[in-house]
Amino acid sequence: MKADLATKYDLRVPRYTSYPTAPHFTEAVDGTVYRRWLSELSPGLDLSLYFHIPYCDTLCWFCGCYTKIVRRYEPVARYLDILLDEIDLVADTLGKRSRARHLHWGGGSPTLIKSADWQRLSERIHARFDVGPDAEIAVEMDPRDTTREYVEALALAGVNRASIGVQDFHPEVQEAINRIQPFDVTERVVEWLRHQGIAGINMDLMYGLPHQTTERVVKMVDLAARLKPDRVALFGYAHVPWMKTHQKLIKDETLPDFSERWRQSEAAADRLVELGYLRIGFDHFARPDDDLAVAHAEGRLHRNFQGYTTDTAPVLLGFGASAIGSLPQGYVQNTQPLRTYREAVTFADFATERGVRLSDDDRLRRDIIERLMCDMTVDLDALCQAHGMARDTLSDAMRRLEPLTEDGIAQVDDGRVTLTAEGRPFVRLVAAAFDAYVNKGEKRHSKAV
Ligand code: SF4
């Protein structure tokens, strides 16, 4: 039945790392608004910090991130100078030195940053924010660029979690996505990380890539598990060549069709569970003693721009071109072109280009969608009561849920919506029923499965 549903619901819906989602941000939220929102924050609120490094040295053809390919280090070094200025600008506006509990370096490829630059970035962040010894400092890593010395520099900068991009280990798949990364390259980096005491290891795997088969995907999971990551993220390749033109380099005929893509996602997930991982949300897996699994079991799991997280900080500050921040008042996003980002910050201005101010309705729906995405169930009555909103507010969503309940994807009982065991992979569709902005027919998002 599930494969039939997968074919029937071959729709494109958001991944809900925010609500409203980024395509609905507008220019009504600019640098002036961001400055005011920052200055309105109560002193003492916990912060999360996200730093975006939009550079890579080669282009992976499947890439969906915002990045620029560089052959020289000079543009990266200049960008880091601007990033330091932005850190000062935000810290000055906040006034009081606030506690940062989570730091995340993403990209692009933060692995391009040279050791000496890690040191100056780390010093500035510690000077402007209160980064305690219990803070999680996570870095997205490309093993192809990583050296032993580099891992030492990360350890010195206090990094304690590494998120390793793998995708697949099969040579034919790697060639088709222009990312040659033999198994032993990844294995060596994992050894260096553990040797340096960087104990938190996440691994990103993918299905739906060119030349992948169900058999190859299971083999990919087995190889990844050999390296004993604490967490595995299993993403479906989002083929959106109308948005990411370089993806045209991937030939359509090499991609698995919808049913095969479905089988791959199921086979990889089943294998991870057989190997002792717990399924977290719709695309993450964690060892039972990992913090993410514990938070999931205790109903404390959250979702942010990095996916599932234990992070409970009410404020996420985004630094760098295209970075998104989340504040109690709403979301803000920096401008994407590097030149406009650089010009804004050079003139001591915020590079905020767009965002969204949250309405009461947005806050209610955001909480509903987050609980669905994290727990696969949500108590609508309790959340409406907590937000002081009438249940009628959700009548549009209840109508959109009807076909999904008829197809056995979700059940509605006593004001509680729960994904069925079969419906779980379709959680994004159920979440989309509560999305007042979504237009399901548009080719704007990746496939629901
Ligand atoms: S390393 Fe990551 S960000 Fe850079 S091109 Fe490859 S997938 Fe994209």
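Values in this document were obtained by computation on a predicted structure and should not be read as measured data. Both ligands and their constituent atoms are indexed starting at 1 by order of listing.
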Checklist entry - Where does T58 meet ligand 1, judged by heavy-atom distances below 4.0 Å: at the side chain, the backbone, both, or neither? => result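 It is the backbone that touches ligand 1; the side chain stays farther off.
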
Checklist entry - Tell me the salt bridge (charged side-chain N to carboxylate O under 4.0 Å, His left out) pairs involving residues 328-342, sequence neighbours left out? => result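 Residue pairs passing salt bridge (charged side-chain N to carboxylate O under 4.0 Å, His left out), neighbours aside: R339-E343.
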
Item to check | Pairwise salt bridge (charged side-chain N to carboxylate O under 4.0 Å, His left out) hits with a residue in residues 143-155, at least two apart | outcome: D142-R144

Checklist entry - Do NZ/NE/NH1/NH2 and the carboxylate oxygens of R357 and D362 come within less than 4.0 Å? => result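 The answer is no: the pair does not qualify as a salt bridge.
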
Tabulate below the donor-acceptor pairs under 3.5 Å that side-chain atoms of residues 156-166 make, not counting sequence neighbours, or state none.
| unit_1 | atom_1 | unit_2 | atom_2 | d |
| --- | --- | --- | --- | --- |
| N160 | OD1 | I137 | N | 2.8 |
| N160 | ND2 | A135 | O | 2.9 |
| R161 | NE | E136 | OE1 | 3.1 |
| R161 | NH1 | N202 | OD1 | 2.6 |

Item to check | Whether F235 and H284 hold their rings parallel, tilted or perpendicular, with breakpoints at 30° and 60° | outcome: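 Rings of F235 and H284: perpendicular, over 60°.
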
Checklist entry - Which protein N, O or S atoms lie under 2.8 Å from atom 8 (Fe) of ligand 1, given by chain and residue number? => result C63 SG

Checklist entry - Is it the case that R303 places NZ or CZ above or below the six-membered ring of Y308, under 6.0 angstrom from the centre and within 45 degrees of the axis? => result yes

Checklist entry - Is atom CD of E27 surrounded by more than 12 heavy atoms (other residues, nucleotides or ligands) closer than 6.0 Å? => result no

Next on the checklist: Among all the protein's non-hydrogen atoms, which is closest to atom 1 (S) of ligand 1, and how far away is it?
Outcome noted: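 In this structure, atom 1 (S) of ligand 1 has R179 NH1, 3.6 Å as its nearest protein heavy atom.
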
